[in-house]
Number of protein chains: 2
Amino acid sequence: MSRAFGDYVRKRREALREEDDAFSVRQVAQRIGVEPSFLSKVERGETAPPSEAKIVALAEELNEDPDVLLALAGKVSSDLQEAIRKRPELFATLIREMKGMPDHAVLRLVREVRDGKW
Amino acid sequence: MSRAFGDYVRKRREALREEDDAFSVRQVAQRIGVEPSFLSKVERGETAPPSEAKIVALAEELNEDPDVLLALAGKVSSDLQEAIRKRPELFATLIREMKGMPDHAVLRLVREVRDGKW
DNA sequence: TGTAGTATGTACTACTTAGTACACATTGTC
DNA sequence: GACAATGTGTACTAAGTAGTACATACTACA
């Protein structure tokens with residue numbers, strides 16, 4: 001089991017803690033709605049990452065992008081999955097086409113789409 | 001539990017069966033590597049759709065687009081998920097932007113990308 | 001020195017996933 | 001009328017998911 005998720009969360013939490021004691025395992029656990037022992041195990045990679053809902057809560061707590069945290073946990077946000085499931089051929093083709101493209105090309109595309117050229 | 005997946009599979013299998021007796025529940029089940037009773041229950045929606053691997057095998061068997069079948073089963077192909085997880089911010093933004101767009105716009109985009117304009 | 005807060009260890013559990021194994025009743029066919 | 005093939009009902013299960021509950025051990029500080 002890769003510990004990328006746990007390591008990342010722990011580092012981020014401890015960084016925030018330098019400035020604010022409220023970022024202890026216990027307090028963060030309580031705010032996201034899990035037992036401290038569970039969060040501890042997650043951070044140490046002893047247990048698989050939590051559910052999507054808890055990961056999103058954690059991302060908010062740590063001021064991180066939920067999609068990035070979900071990715072580290074090996075998941076994809078359910079709203080993205082739903083969007084794909086609604087038009088599977090279209091999105092499947094597009095994503096497979098783009099997965100071989102460099103970041104800057106994808107980024108350019110994102111911007112064009114966002115700027116309403118479509 | 002919605003039975004969209006099972007209904008679709010059953011219809012498709014029975015259509016193929018008009019032409020070819022090899023498309024019985026038993027024989028298809030054997031070819032995709034499950035018990036006939038399991039496929040039967042799946043088609044009648046009595047059990048949740050099978051795993052991704054079996055769905056893909058079934059799609060091949062039925063000459064259907066695996067992404068469509070996966071979508072009916074409420075799933076997204078793991079290779080697409082992996083592509084998203086590798087660049088979560090980029091893909092998340094793009095997909096969320098596109099989910100509100102009409103089909104023809106998405107299709108145009110797919111074609112532009114495929115035709116190497118990027 | 002006691003007590004408040006902190007992290008972690010241990011044990012357990014309810015639910016879900018993804019099926020198998022086998023028996024049974026029906027239908028076609030030789 | 002036997003035999004083969006078909007679809008389905010019933011019972012079961014191994015592994016994974018997503019945690020809880022409580023006990024223990026350490027640290028700071030008043």
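Keep in mind that this is a model prediction, so the values were computed, not measured.
Of the side-chain N and O atoms in A:R17, one or more sit less than 4.0 angstrom from OP1 or OP2 of C:dA7.
No side-chain heavy atom of A:E89 sits less than 4.5 Å from a side-chain heavy atom of B:D67. Using a 4.5 Å cut-off on side-chain heavy atoms (C-beta onward), B:L69 and B:Y8 make contact. Here the side chains of B:V25 and B:R10 are in contact, with some heavy-atom distance below 4.5 Å. You'll find the side chain of A:I95 reaches within 4.5 Å of the side chain of B:I95, heavy atoms only. No side-chain heavy atom of B:F23 sits less than 4.5 Å from a side-chain heavy atom of B:E18. Taking the side chain as every heavy atom from C-beta outward, B:L90 and A:M98 never approach each other to under 4.5 Å. With a 4.5 Å cut-off on side-chain heavy atoms, A:K54 and A:V42 do not count as touching. For the pair B:I55 and B:F5, the minimum side-chain heavy-atom distance is below 4.5 Å.
No salt bridge links B:E52 with B:K75; every basic N to acidic carboxylate O contact stays at or beyond 4.0 Å. With salt bridges taken as basic N to acidic carboxylate O contacts below 4.0 Å, one links A:K86 and A:E82.
Mapping heavy-atom proximity under 4.0 Å, the span of DNA chain D touched by chain A runs 5' to 3' from D:dA18 to D:dC22.
Nearest-nucleotide positions on DNA chain D place B:R44 closer to the 5' end than the other of B:R44 and A:P50. Both B:E43 and A:K75 sit near DNA chain D, but only B:E43 has its closest nucleotide nearer the 5' end.
Within 4.0 Å (heavy atoms only), B:K41 reaches at least one base atom of the nucleic acid. Nucleic acid contact for A:S51: sugar-phosphate only, since backbone atoms but no base atoms lie under 4.0 Å from a heavy atom of the residue.
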Between protein and nucleic acid, restricted to nucleotides 27-30 of chain C and to nitrogen or oxygen atoms under 3.5 Å apart, what atom pairs and distances do you find?
none

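Heavy atoms from other residues, nucleotides or ligands lying under 6.0 Å from CD of B:Q30 number 12 at most.
Contacts with DNA chain C (heavy atom under 4.0 Å) in residues 20-35 of chain B: B:G33, B:V34, B:E35, listed by number.
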